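Quick notes on the structure that follows.
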2 protein chains.
Amino acid sequence: MVTLAEVAQHAGVSASTVSYVLSGKRSISATTRQRVEQSIRELGYHPNAGARALASNRSNIIALMVPLRTDMYVPVMMEIAIAVTTAARTHGYDVLLLTGEEGPDAVRRVTGSGLADAMILMDVELQDERLPLLRGTDQPSVLIGLPASTTGLTCVDLDFGATGALCVEHLAKLGHHDVAVIGEAPAVYERHTGFAERTLDGLRSRARDLGLRVLHRPCEGGYDAMAVTLARIFDERPGTTGFVVQNESAVEPLLAQLRRQGRAVPEDVSVVAICPDQVAVQASVRLTSVAIPAQEMGRHAVERLVAKLDGRGGDDVVLIAPELTVRASTGPAPAGP
Amino acid sequence: MVTLAEVAQHAGVSASTVSYVLSGKRSISATTRQRVEQSIRELGYHPNAGARALASNRSNIIALMVPLRTDMYVPVMMEIAIAVTTAARTHGYDVLLLTGEEGPDAVRRVTGSGLADAMILMDVELQDERLPLLRGTDQPSVLIGLPASTTGLTCVDLDFGATGALCVEHLAKLGHHDVAVIGEAPAVYERHTGFAERTLDGLRSRARDLGLRVLHRPCEGGYDAMAVTLARIFDERPGTTGFVVQNESAVEPLLAQLRRQGRAVPEDVSVVAICPDQVAVQASVRLTSVAIPAQEMGRHAVERLVAKLDGRGGDDVVLIAPELTVRASTGPAPAGP
DNA sequence: TTGAAAGCGCTAACAG
DNA sequence: CTGTTAGCGCTTTCAA
């Protein structure tokens, strides 16, 4: 194993000079720098991570805590994880993967051991048990998601309130009056993750302004559950012509069921989905949708975190503005009966 | 920050004693051990990861390299990643997430810096450019997937050859004679990942033994591509009654297209899928399938790696035996015309 | 069964 | 602009 000292000797300079060439923390003459860099290349030197962490009190590692649960739409998680990793690398950080399994203990372990310099938490609940720990430490952290209280915390999330509003606005503009919202599985609401509720609040409040009627039904994914849900919706509101779906595993069942009932999309009913673009594009009808900006969320989280690590910027909440893409699943409301 | 020295002082013992209590590498009297453990708890001591890594030359970190690409079925990747992380924790290891983006450089960086003690590579290609590096280092590694040559390497994968055979056997037993295989997108074959070819080889060879005819068509996912593919299949082999699908994004389009053509599943045609259980269960027809054992693959990979780190066990190839679950998409072949 | 002490490889004062 | 040096917190001989 090649050490810094060996590089120094090979280049005919002191260890500290090599160190400073590497860190750029003090100016080095061009010739010295070149000799050192040359030696580094020739010897194939890689700084030892442990030694560096010990001496500098910095591991250059960001911990990322992903949910263990698999009932949320996984590709989004993965996309965020990859975006975080990629973004972190551009700032010189590596990413340590933690599962939610260990819960608060993982936070204690990582902060206590100096394994990571900072952490990003996904799948945050309204009253998340990890939050007190985060507030009580000086280790920077960023949440992806919004807990009940954000004081003393930095959060990044899609603006789900605006998302709901955007969906209903689009339907209103097309002349729809009766809108049904097909939501996440009841378990998601019970877990108090908040985003589903925020969507609904935003949607309802804008619907009120615009004079639309809204019916909301949570829904397990799958074809059977959807049949039941849809029957209840049309039973209660026969005049429903607009749908907002926020549940990836309900998207295809909804389209199938509508087809079976002889309701054409978008001629008879319009459907707006809140889902990753990939799902919207690959569905049997290309869906008008608001995308979950996974990449952007991951990137933002890292940017905020790095800012904190560099002593710039403090706590705040970044809500990403939703964007609605019109595709083939929405159209003018059919003429009234 | 609490250090080992402080714990030692608090417990009235030497630093080395505390260290040995932690590592268990030499026997400690019960009373001493208890005093030390008590102090550790009282002070809330966590060993410093960097110092430990420096002194012991072990980071207790396993690097996991995931593909950056998103055209493979992502949930499987995620499930493997989570399985790896969970399994690693039970052995005292944390997991560092690397994306394929950096390619061989990441391998160099991680092995060179001692950031990780070992690594797991996913999405291995037949002629993977990272393999020479792995062979040339003494750092243990495990591949998930099978390259062209496995000498000097440890690999874990589903036995795709047996998987193909199993699918065609199932169809043969039900009396089907003409089988169509709907494969991955052409890009997957071109990338030379091997698993698709291995499936096909196993399937074809068993089909030959059993006297079945096989027609193979790669297929981009999606409804339009499937319409074309299916038309060509029935054009060429009108008597096709059995399907094997190995492409998650083709599953639902296939079922939809068959429905549209008035072919009932499983009365007129049978469908066997090679896909995660979740996909098989959530499809519009519950699919008879061979599952991708993501959890098992992740767990196996970690077990192998830990064995190598502990000096037990060497290089070998672990092929996980496929299991076929019969659901609602396969049945007896219809009587001949 | 325990202690003392020498590093592990690097960073960051401090000194020139 | 560069060198000297004192640790960072832990593991592990060596010695008792």
Side-chain angles (χ1 to χ4, degrees), chain A residues 1-37 39-40 43-61 92 109-117 309 311, chain B residues 1-37 39-40 43-61 92 94 109-117 309:
Chain A
M1 182 201 184
V2 186
T3 70
L4 191 155
E6 294 175 292
V7 173
Q9 189 171 14
H10 185 273
V13 298
S14 73
S16 62
T17 298
V18 177
S19 177
Y20 284 119
V21 166
L22 253 30
S23 69
K25 287 188 181 174
R26 77 181 186 192
S27 44
I28 304 279
S29 76
T31 62
T32 305
R33 147 168 293 116
Q34 289 184 349
R35 273 221 315 292
V36 170
E37 285 170 345
S39 299
I40 288 177
L43 302 180
Y45 168 72
H46 285 273
N48 179 286
R52 190 170 256 191
L54 177 57
S56 67
N57 221 356
R58 288 285 212 119
S59 66
N60 279 287
I61 287 178
R109 193 167 59 83
V110 166
T111 61
S113 66
L115 228 188
D117 297 331
L309 284 165
Chain B
M1 184 202 185
V2 186
T3 70
L4 191 156
E6 295 176 291
V7 173
Q9 188 171 14
H10 184 272
V13 298
S14 74
S16 60
T17 297
V18 177
S19 177
Y20 284 119
V21 166
L22 253 30
S23 69
K25 286 188 182 175
R26 79 179 182 192
S27 44
I28 303 281
S29 75
T31 62
T32 305
R33 149 168 291 116
Q34 289 184 350
R35 272 220 318 289
V36 171
E37 284 170 347
S39 298
I40 288 177
L43 301 180
Y45 168 72
H46 285 273
N48 180 286
R52 191 169 255 192
L54 177 57
S56 68
N57 223 353
R58 287 284 211 124
S59 65
N60 278 290
I61 288 178
D94 272 294
R109 192 167 58 82
V110 166
T111 61
S113 66
L115 227 189
D117 297 331
L309 285 165

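Letters go in sequence order (proteins before strands), and every chain restarts at 1. All figures in this text were calculated on a predicted structure; none of them were measured in a lab.
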For a quick check of understanding: with a heavy-atom distance under 4.0 Å over all strands, which category does A:Ile28 fall into, base, sugar-phosphate or nothing? sugar-phosphate
Checking C:dG3, D:dC8, D:dT12 against the side chain of B:Lys25 (C-beta onward), the nearest is D:dT12
Check your understanding: For A:Ser23, which contact category applies under a 4.0 Å heavy-atom criterion: base, sugar-phosphate, or nothing?
Key -> nothing
Does A:Ser19 have a side-chain nitrogen or oxygen under 4.0 Å from the phosphate oxygens OP1 or OP2 of C:dC10? no
Protein-nucleotides 13-16 of chain C N/O pairs closer than 3.5 Å?
residue : atom : partner : partner atom : Å
C:dA13  : N7   : A:Tyr20 : OH           : 3.4

Applied to residues 15-24 of chain B, the side-chain hydrogen bond (donor to acceptor under 3.5 Å, both in side chains) test, sequence neighbours excluded, yields B:Ser14-B:Ser16, B:Ser14-B:Thr17
Closest of D:dG3, C:dG9, D:dC1 to the A:Ser29 side chain is D:dC1
Extract all donor-acceptor atom pairs below 3.5 Å that involve side chains of residues 46-53 of chain B and protein atoms in other chains or at least two apart in sequence.
residue : atom : partner : partner atom : Å
B:Asn48 : OD1  : B:Gly50 : N            : 2.9
B:Asn48 : OD1  : B:Ala51 : N            : 2.8

Taken in chain and number order and not counting sequence neighbours, the residues that satisfy side chain to side chain contact (heavy atoms under 4.5 Å, CB included) with A:Ala11 are A:Val13, A:Val36, A:Ser39
With five pairs defining each end axis, the helix from C:dT1-D:dA16 to C:dG16-D:dC1 comes out bent, to 10°, by 30°
Quiz item: Counting any heavy atom closer than 4.0 Å, what does A:Val13 reach on the DNA or RNA strands: base, sugar-phosphate only, or nothing?
Solution: sugar-phosphate
OP1 or OP2 of C:dG3 under 4.0 Å from side-chain N/O of B:Ser14 = yes
With sequence neighbours left out, the residues meeting side-chain hydrogen bond (donor to acceptor under 3.5 Å, both in side chains) with A:Arg35 are none
Tightest non-hydrogen contact, residues B:Glu6 and B:Leu43, listed as O-CD1, 4.0 Å
Original post:
Does the side chain of A:Leu115 come within less than 4.5 Å of B:Ile61's, by heavy atoms?
Top reply: yes
